[in-house]
Amino acid sequence: MTDKVRVRFAPSPTGSLHIGGARTALFNLLFARHNNGVFVLRIEDTDTERSREESVAQILRSMRWLGLDWDEGPEKGGDYGPYFQSQRLELYRREAQRLLDEGKAYYCYCTPEELAARREEMMKAGKAPRYEGLCRNLCDEDRKRYEAEGRKPVIRLKVPQEGQTVVEDIIRGTVVFENSVLDDFIIMKSNGVPTYNFACVVDDHAMKITHVIRAEEHLSNTPKQIQVYKALGYELPRFAHVPMILAPDRSKLSKRHGATSVEEFRDQGYLSQAIINYLTLLGWSPLDSEEIFDMDKAVREFTLERVNKTAAIYDVKKLTWINGHYLRELDLDYITDQIIPFMVKKGIITEEESGKKYEYIKQAVALSRDRSKTLDELADAIAFFFKDVTEYEEKGVKKHFCKENAAELLLKGAEALERLDEFTHESTEHAFRSLTDSMGLKAAELIHPTRLAITGRTVGPGLFEIIVLLGKEETVKRMRKAADWIRKHGAGASAS
RNA sequence: GGCCCUGUGGUCAAGUGGUUAAGACACCGCUCUUUCAAGGCGGUAACAGGGGUUCGACUCCCCUCAGGGUCACCA
């Protein structure tokens with residue numbers, strides 16, 4: 001009989017959601033959905049010093065933004081709550097007491113200072129730093145004496161010093177640890193709060209977690225946790241340790257590597273779909289070689305067996321490429337909605353204008369989105385549709401504004417456009433081409449300076465698309481303004 | 001340092017004893033074109049090293065080396 005699959009993502013709220021954490025959450029979600037299971041979110045806030053409420057909010061926000069929806073957890077509830085470890089202290093204390101009563105755990109009165117000193121000694125002696133079980137067999141008298149000294153005890157688990165602890169990992173296979181490398185680790189701190197290795201086990205059991213899918217850094221913790229499972233008489237879940245995500249220099253991801261949190265990527269203009277797609281590809285691969293796919297396909301095909309064992313270095317270039325793909329393929333209204341906050345932030349439009357100019361923004365996006373990789377870039381790329389040109393790209397000036405007849409040509413072009421009754425792609429293009437034909441010029445000789453005049457740049461969408469969207473009046477105005485600029489700066493003069 | 005994990009091009013990554021060792025990103029050409037992208041076509045580039053096992057190893061075993069993780073009253 002197979003139990004319903006239940007997995008969990010259990011972040012500690014000590015910072016933002018990292019892309020590594022997001023990937024772990026994603027794999028849990030994919031596995032749960034693939035198996036019609038339940039995805040639980042649990043907040044591991046037992047570190048009273050470092051846990052912050054703002055972090056919880058940020059993590060939830062990031063997960064929602066990515067579409068990593070949990071079935072049970074904060075703001076959602078469920079039959080196995082509460083989902084904050086700080087609200088489950090009674091349970092841990094009860095289980096710890098049980099261990100105490102059964103003689104499987106004991107109070108330890110050593111102070112952090114004493115412990116640190118001994119650890120250092122052992123290190124100096126070239127030995128592995130481990131607790132030697134000093135308080136393992138304390139008599140009542142010793143205990144009373146320590147209590148009288150005002151020492152607050154921790155609770156340690158009695159770990160067997162012989163034999164081995166075996167981790168059967170779905171991704172890594174059988175991993176054997178000698179028990180002699182384990183020590184009597186702390187399960188309850190002196191403040192009555194459990195440590196990670198204890199709380200995690202108690203909760204995974206209480207929440208009926210069937211598969212523990214987490215980052216590889218936890219593999220070495222697993223034998224300890226297995227000892228807790230055994231002491232408590234719990235059945236073991238299945239374990240799967242997914243490879244880590246490393247920075248480009250092969251070290252662990254940290255702030256010095258630029259953007260690492262989900263929110264930073266979002267603010268840089270990456271779409272959630274792109275991040276999900278990219279993260280899915282880090283450590284896992286689909287059956288076929290098509291690398292662009294949505295979460296539905298990932299859910300359909302996801303198995304832990306196809307997760308590879310090697311740590312992956314994340315590559316922003318590939319993420320950016322995927323982002324570019326979604327930028328041009330996703331629904332136009334959706335991209336338009338996404339671009340607005342970026343435009344507002346950059347001062348290109350105001351919040352109020354965004355509603356009124358929605359259709360116009362949408363058309364600008366339609367013209368430019370092929371050429372941008374991120375929302376941030378795209379916002380810059382369409383800025384000229386909303387704000388007058390204030391400067392001209394230098395290399396463009398040299399190339400297109402410094403010719404003898406540059407100003408005159410722009411003026412003639414403006415006139416030709418002005419005469420048009422119908423202002424369409426066809427009519428404007430025709431006007432330009434017949435003008436240049438009559439002057440014995442190539443159309444490009446007018447097109448390029450015009451682009452520079454009305455956008456300030458040498459690159460961008462097709463000129464006539466721009467002209468039509470920008471409108472006759474504005475186009476003509478900008479062309480004349482550019483002609484003035486050229487005269488002022490002198491034909492043949494180099495860029496200012 | 002002890003223990004554990006890992007090792008296919010610059011990066012991601014197929015591959016599970018016999019393959020011309022896929023594909024993608026990046027890079028470089030060509031093409032399309034009013035520019036830039038996008039698209040199309042093509043190219044450079046890899047099984048860490050050494051021993052075994054085998055008729056035959058990228059695939060299995062051992063050693064070396066390299067990278068990573070972990071050794072807290074952090075998770």
Side-chain angles (χ1 to χ4, degrees), chain A residues 10-14 44-47 49-51 85 108 110-112 115-116 119 123 126-130 152-156 167 169 171-173 175-178 180-183 185-191 193-197 199-200 215-224 241 243-244 246 248 250-252 278 281-292 306 308-322 324-325 328 368-373 381 396 399-400 429 432-433 442-448 450-452 455 457-464:
Chain A
S12 65
T14 52
E44 308 221 327
D45 54 353
T46 52
D47 185 341
E49 298 293 306
R50 298 195 303 151
S51 293
Q85 290 191 323
C108 167
C110 300
T111 64
L115 257 15
R119 198 157 38 228
M123 297 267 265
K127 284 194 285 191
R130 46 194 297 284
K152 285 262 184 275
V154 298
I155 300 175
R156 287 180 185 272
V167 180
D169 191 279
I171 295 171
R172 269 144 230 288
V175 183
V176 179
F177 294 85
E178 292 297 328
S180 56
V181 307
L182 269 30
D183 64 359
F185 57 93
I186 295 171
I187 57 174
M188 291 294 274
K189 306 175 204 172
S190 56
N191 63 359
V193 175
T195 57
Y196 164 71
N197 282 129
C200 170
E216 190 191 342
E217 56 187 320
H218 291 295
L219 185 55
S220 334
N221 281 137
T222 309
K224 291 183 185 177
H241 289 91
M244 313 253 317
L246 270 24
R250 294 209 141 275
S251 67
K252 208 172 173 178
Y278 178 68
L281 251 15
L282 234 42
W284 181 82
S285 57
L287 276 349
D288 56 35
S289 60
E290 182 52 59
E291 298 196 329
I292 295 290
R306 280 191 75 79
N308 65 201
K309 302 176 175 67
T310 58
I313 295 172
Y314 88 97
D315 177 14
V316 193
K317 289 239 185 78
K318 186 155 183 178
L319 202 212
T320 304
W321 170 75
I322 293 178
H325 168 84
R328 53 183 179 267
S368 285
R369 62 171 168 168
D370 282 8
R371 295 167 177 78
S372 299
K373 303 274 194 201
K399 212 166 165 188
H400 307 301
E429 180 163 7
F432 263 40
R433 289 193 188 279
K442 286 197 290 187
E445 291 177 81
L446 174 57
I447 289 172
H448 294 306
T450 303
R451 177 181 288 106
L452 185 61
T455 71
R457 305 177 184 203
T458 56
V459 303
L463 180 71
F464 304 106

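To find a chain, count down the sequence lines: A is the first, B the second, and so on, and within it residues start at 1.
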For the [atom1] atoms, the ones on [N] and on [M], what distance do you get once it is rounded to whole angstrom?
N: B:A48; M: B:U8; atom1: C1'; answer: 10 Å
N: B:C3; M: B:A13; atom1: C1'; answer: 30 Å
N: B:C58; M: B:G7; atom1: C1'; answer: 12 Å
N: B:C63; M: B:A45; atom1: P; answer: 35 Å
N: B:U59; M: B:U44; atom1: C1'; answer: 27 Å
N: B:A75; M: B:G39; atom1: C1'; answer: 48 Å
N: B:A57; M: B:G51; atom1: P; answer: 12 Å
N: B:U54; M: B:C62; atom1: C1'; answer: 16 Å

Considering every strand shown, what is the Watson-Crick or G-U wobble mate of [N] when both distances are under 3.5 Å?
N: B:G39; value: B:U31
N: B:U53; value: none
N: B:C25; value: B:G10
N: B:G1; value: B:C71

Atom-to-atom span, [atom1] of [X] to [atom2] of [N] - whole angstrom:
X: A:F177; N: B:G2; atom1: CZ; atom2: P; value: 16 Å
X: A:L319; N: B:A13; atom1: CG; atom2: C1'; value: 16 Å
X: A:N197; N: B:A72; atom1: CG; atom2: P; value: 11 Å
X: A:K317; N: B:A24; atom1: NZ; atom2: P; value: 18 Å
X: A:F185; N: B:U70; atom1: CZ; atom2: P; value: 17 Å
X: A:K189; N: B:A72; atom1: NZ; atom2: C1'; value: 10 Å
X: A:H218; N: B:C74; atom1: NE2; atom2: P; value: 15 Å
X: A:L246; N: B:A13; atom1: CG; atom2: P; value: 11 Å

Base, sugar-phosphate alone, or nothing: which one does [X] contact when heavy atoms must sit under 4.0 Å apart?
X: A:V167; result: nothing
X: A:E44; result: sugar-phosphate
X: A:R457; result: nothing
X: A:T46; result: sugar-phosphate
X: A:H241; result: nothing
X: A:V175; result: sugar-phosphate
X: A:R369; result: nothing
X: A:S12; result: sugar-phosphate
X: A:R50; result: base

Just by modelled atom types, is the A:I186 backbone N or O under 3.5 Å from a matching donor or acceptor in the A:T195 side chain?
yes

Is the backbone of A:L219 close enough, under 3.5 Å, to the side chain of A:T222 for a donor and an acceptor to pair up by distance?
yes

If you go through the side-chain atoms of [X], does one of them form a donor-acceptor pair with the base of [N] closer than 3.5 Å?
X: A:S190; N: B:C73; answer: yes
X: A:R172; N: B:C5; answer: no
X: A:N221; N: B:A75; answer: yes
X: A:E217; N: B:G68; answer: no

Flag side-chain contact, heavy atom, 4.5 Å: [X] against [Y]:
X: A:I313; Y: A:R250; answer: yes
X: A:R451; Y: A:H400; answer: no
X: A:T458; Y: A:K399; answer: no

Taking the nucleotide of RNA chain B with the nearest heavy atom to each, does A:P243 or A:K309 sit closer to the 5' end?
A:K309

Residue pair A:K318/A:C110 against RNA chain B: nearer the 5' end by closest nucleotide is A:K318

Would you say a side-chain N or O of A:R306 is under 4.0 Å from OP1 or OP2 of B:G15?
yes

Does A:S285 place a side-chain N or O at less than 4.0 Å from the phosphate oxygens OP1/OP2 of B:A14?
yes

Please walk me through it: do A:H325 and A:Y278 pass ring-ring contact (aromatic ring centres under 6.0 Å, His included)?
CA-CA 12 Å; A:H325 168 84; A:Y278 178 68; over 10 Å; no

Could you list the residues that satisfy salt bridge (charged side-chain N to carboxylate O under 4.0 Å, His left out) with A:K252, not counting sequence neighbours?
A:E217

Just jot down the salt bridge (charged side-chain N to carboxylate O under 4.0 Å, His left out) partners of A:R433, sequence neighbours excluded, or say none.
A:E429

Under 3.5 Å, which N/O atoms of the protein pair with N/O atoms of nucleotides 32-40 of chain B?
residue : atom : partner : partner atom : Å
B:U34   : O2'  : A:H448  : NE2          : 2.9
B:U34   : O2   : A:R451  : NH2          : 2.9
B:U34   : N3   : A:L463  : N            : 3.4
B:U35   : O2'  : A:T458  : O            : 3.2
B:U35   : O2   : A:T458  : O            : 3.4
B:U35   : O2   : A:G460  : N            : 2.9
B:U35   : O2   : A:G460  : O            : 3.3
B:U35   : N3   : A:R451  : NH2          : 3.3
B:U35   : N3   : A:G460  : O            : 2.5
B:U35   : O4   : A:G460  : O            : 3.4
B:U35   : O4   : A:G462  : N            : 3.3
B:C36   : O2   : A:R371  : NE           : 2.6
B:C36   : N3   : A:R371  : NE           : 3.0
B:C36   : N3   : A:R371  : NH2          : 3.2
B:A37   : O2'  : A:D370  : O            : 2.8
B:A38   : OP1  : A:K373  : NZ           : 3.4
B:A38   : O3'  : A:R328  : NH2          : 3.4

Return the minimal non-hydrogen interatomic distance between A:S51 and A:T46, and the atom names on each side.
OG-N, 4.4 Å

Hey, could you give me the CD/CD distance between A:E44 and A:Q85, rounded to the nearest 0.5 Å?
4.0 Å

